[in-house]
Amino acid sequence: MASLAVHSKKHKVCIVGSGNWGTTIAKVVAENTQQHADIFESEVQMWVFQEQVHIPKDNRHYKSASDQPQNLTEIINSVHENVKYLPDIPLPHNIVANPDLVAAVKDATILVFNLPHQFIAKICQQLQGHIVPHARGISCIKGLAVSDEGCELFSERIGHELGIYCGALSGANIATEVAQEKFSETTVAYAPPEMDSRHPTPSGTPLPDAKGEEIDMKILSDGVQAGKKKLTPLPADYPPLHHGNMKKLFHRPYFHVYLVNDVAGVSLGGALKNIVALAAGFVSGLGWGDNAKAAVMRVGIMEEVKFGKMFFGSSVKTETFTEQSCGVADLITSCSGGRNFRCARMAVEEGKAIGVIEERELNGQSLQGTSTAYEVNSFLRKEGKEKEFPLFTAVYEILEGRHRPEEIPDLLNAGG
Ligand SMILES: NC(=O)C1=CN([C@@H]2O[C@H](COP(=O)(O)OP(=O)(O)OC[C@H]3O[C@@H](n4cnc5c(N)ncnc54)[C@H](O)[C@@H]3O)[C@@H](O)[C@H]2O)C=CC1
Ligand SMILES: O=C(CO)COP(=O)(O)O
């Protein structure tokens, strides 16, 4: 039985980030906020890290473009295209690019975090005290938050810093393909607090009423979001945020969404495959062919699952890696056409540092695998577990210049 409740308020969505994937997700979400006008406000704010951009001479909107650079936000809002990070993709007109982070998140009840992982700590600092207390988050970030205190998922880090519940979206999603509306799948992990699902779920299972009080996040999400801060219930005048409504925010005919509760598994698949994609690029750059690539992918997925079970406990499910888009499917697409793979391959082919290739090839986009390889290594070293993850360790050693890509078979064999 579907809910008949009428809600006086709608969810307002802000996308925090506007790179290649950030802009693509803004497009997906903005299409859905128009389609589901009973749940979401149509306008989608997209926070943009402001920069001055030259409009490409051949841009269809600017046949007589001046040579003067312009603010990226003004370009996006006037031509409805992110000419720097997602060129040639028309954006829905209900996306509003905003260079002011605090203004962009004002009154937003759903915050979608989508930016390179190295910037998130600063963003969270800037957001503290400026978001509505009952906001909910989704992290599309593929990376891990490693600090002296250990290794956290970005959904956890965001949740702790901002005192909100945050889930994760990750999948086999090369951004440009999604933006071009070529079919793909993704996984959304959202273990909503019971108080957010006050009404019968789409399957008809009634859930408990909101208690109208603050509840410790620790109780609410299977240990994934254990934290000191309290979670503020979603007021009853908003539509509930259960799996059904979360799906309506992201699912498109060309972008199929599967919802699960394993936030850690979904986040780890996205973060750790970037290290594996570097290894795949290294062996590909040597001209070693598909068998070599398949071998590092096989070891890579095993290390992903092992890392999850070892450091994130029993809430991490093996099937998240083997059955969902965020696991093996993302590994396959990333090791075929991802930026980490392509840059690592070119680095080996040309005998150059991967950072040089990144700078030359990506026009301001950012590789996540190199920093993740360093961060994961520093965590593993501290835990005394480097040897138990021979592929992750080999990638780090190669980036450091202590080993050569040719040594990958021996390095994997040394792991037993
Ligand atoms: N591009 C892709 O195909 C996919 C990317 N992802 C993940 O999504 C996340 C975001 O990636 P993309 O949107 O592709 O980013 P990107 O690689 O396009 O990075 C560029 C973005 O970083 C911003 N930036 C630069 N300096 C900054 C600063 N100091 N502070 C804040 N922002 C700054 C730029 O303004 C731009 O928006 C990453 O974790 C990535 O792994 C996930 C799926 C697909
Ligand atoms: O995550 C991705 C595809 O799912 C994109 O990977 P790259 O960052 O290596 O391009």
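Values reported hereafter were calculated over all heavy atoms of this structure, with side chains retained and with hydrogens, waters and symmetry mates removed. Counting starts at 1 for both ligands and their atoms, in listed order.
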Look at atom 23 (C) of ligand 1 and say which protein heavy atom is nearest, naming residue and atom and giving the distance to 0.1 Å. Phe119 CE1, 4.2 Å
For atom 7 (P) of ligand 2, what is the nearest protein heavy atom, given as residue, atom name and distance? Arg339 N, 3.4 Å
For the 3.5 Å polar cut-off, considering only N or O atoms, please tell me whether Thr333 and ligand 2 meet it. no
In ligand 1, the atoms that come under 4.0 Å of a heavy atom of Ser18 are 37 (O)
Ring-plane angle category for Phe255 and Trp21, please: parallel below 30°, perpendicular beyond 60°, tilted otherwise. perpendicular
With heavy atoms and a 4.0 Å threshold, my read on which part of Gln368 contacts ligand 2 is neither
Checking a contact table here: which protein heavy atom is nearest atom 17 (O) of ligand 1, and how many Å away? Ser366 N, 2.8 Å
Ala277 near ligand 2 by a heavy-atom separation under 4.0 Å: no
Note: Arg360-Glu350 ion pair, threshold 4.0 Å (strictly below): yes
So the atoms of ligand 2 within less than 4.0 Å of a heavy atom of Gly338 turn out to be 9 (O), 10 (O)
Should Lys10 and Asp38 count as an ion pair when the cut-off is N to O under 4.0 Å? no
Which part of Ser170 is near ligand 1, with near meaning a heavy atom under 4.0 Å away: side chain, backbone, both or neither? neither
Could you find the nearest protein heavy atom to atom 10 (C) of ligand 1 and give me its residue, atom name and distance? Asn114 OD1, 3.3 Å
Check this for me: does any side-chain nitrogen of one of Lys12 and Glu43 sit under 4.0 Å from a carboxylate oxygen of the other? no
In terms of atom number and element, which parts of ligand 2 are under 4.0 angstrom from non-hydrogen atoms of Gly171? 4 (O)
What do the steps show when you test Tyr238 against His7 for side-chain contact (heavy atoms from CB on, under 4.5 Å), and what is the final call? CA-CA 6 Å; Tyr238 285 98; His7 303 281; 5.8 Å; no
Numbering the atoms of ligand 2 from 1, which are under 4.0 Å from a heavy atom of Asn173? 3 (C), 4 (O)
Gln365 N/O under 3.5 Å from ligand 1 N/O: no
Using the six-membered ring wherever Trp is involved, compare the ring planes of Phe307 and Phe311 and label them parallel, tilted or perpendicular (cut-offs 30° and 60°). perpendicular
Shortest protein contact, atom 1 (N) of ligand 1 (heavy atom only): Asn20 OD1, 3.0 Å
Counting heavy atoms only, which of Ala175, Gly364, Gly17 is nearest atom 2 (C) of ligand 1? Ala175
N or O pair under 3.5 Å between Gln368 and ligand 1: yes
CG-CH2 distance between Leu111 and Trp47, expressed to the nearest 0.5 angstrom: 13.0 Å
Atom 37 (O) of ligand 1 - nearest protein heavy atom and its distance: Gly19 N, 3.1 Å
Starting from atom 4 (O) of ligand 2, find the nearest protein heavy-atom neighbour and note its residue, name and distance. Asp330 OD1, 2.6 Å
I'd like to check which ligand 1 atoms, numbered from 1 as shown, lie under 4.0 Å from a non-hydrogen atom of Glu51. 35 (O)
Let me see the working for Asn32 and Phe40 under side-chain contact (heavy atoms from CB on, under 4.5 Å), right down to the final yes or no. CA-CA 8 Å; Asn32 279 330; Phe40 308 109; 5.6 Å; no
Looking only at heavy atoms, is any part of Lys142 under 4.0 Å from ligand 1, and if so is it the side chain, the backbone, or both, or is it neither? both
Looking just at side-chain N and O atoms, do Lys273 and Ser334 make a donor-acceptor pair shorter than 3.5 Å? yes
So, Lys306 and Glu303, do they make that salt bridge, N to O below 4.0 Å? no
Using a strict cut-off of 4.0 Å, indicate which atoms of ligand 1 neighbour a heavy atom of Cys140. 7 (C), 8 (O)
Could you walk me through whether Glu51 and Lys84 pass salt bridge (charged side-chain N to carboxylate O under 4.0 Å, His left out), step by step? CA-CA 10 Å; Glu51 58 188 294; Lys84 175 153 185 195; 2.9 Å; yes
Looking at Glu361 and Arg342, is any side-chain nitrogen of the basic one under 4.0 Å from a carboxylate oxygen of the acidic one? no
Would you mind reporting whether Arg136 and Leu231 have side-chain heavy atoms less than 4.5 Å apart? yes
Using heavy atoms and a threshold below 4.0 Å, how should the contact between Trp21 and ligand 1 be classified: side chain, backbone, both, or neither? both
Looking only at distance, does Ile174 have an N or O less than 3.5 Å from an N or O of ligand 1? no
Is the closest heavy atom of Lys84 to ligand 1 under 4.0 Å? no
Decide whether the shortest distance between a heavy atom of Pro116 and an atom of ligand 1 is less than 4.0 Å. yes
Atom 44 (C) of ligand 1 - nearest protein heavy atom and its distance: Asn173 O, 2.9 Å
Tell me whether Ser170 contacts the main-chain N or O of Cys326 through its side chain, where contact means a donor paired with an acceptor under 3.5 Å. no
For ligand 2, which part of Asn340 has a heavy atom less than 4.0 Å away: the side chain, the backbone, both, or neither? both
If you round to the nearest 0.5 Å, how far is NE2 of His251 from CD of Glu185? 10.0 Å
Which ligand 1 atoms, with their elements, are less than 4.0 angstrom from a heavy-atom of Ile141? 39 (O)
When rounded to the nearest 0.5 angstrom, what distance separates CD in Gln365 from CG in Asn20? 4.0 Å
Gly22 heavy atoms, cut-off 4.0 Å: which ligand 1 atoms fall inside? 13 (O)
Could you tell me the separation between the CG atom of Leu391 and the CD1 atom of Ile408, rounded to the nearest 0.5 Å? 7.0 Å
Check each heavy atom of Lys122 against ligand 1 and say whether those closer than 4.0 Å belong to the side chain, the backbone, both or neither. neither
Lys142 neighbourhood, listing ligand 2 atoms whose heavy-atom distance to it stays under 4.0 Å: 1 (O), 2 (C), 3 (C), 4 (O)
Protein contact of atom 6 (O) of ligand 2 - nearest heavy atom, named by residue and atom, plus distance: Lys273 NZ, 3.1 Å
Report the distance from atom SG of Cys335 to atom NZ of Lys293, rounding to the nearest 0.5 Å. 7.0 Å
Note the single closest protein heavy atom to atom 34 (C) of ligand 1, along with its residue, its atom name and the distance in Å. Tyr85 OH, 3.5 Å
Side-chain donor-acceptor pair present, Gln70, His54, cut-off under 3.5 Å: no
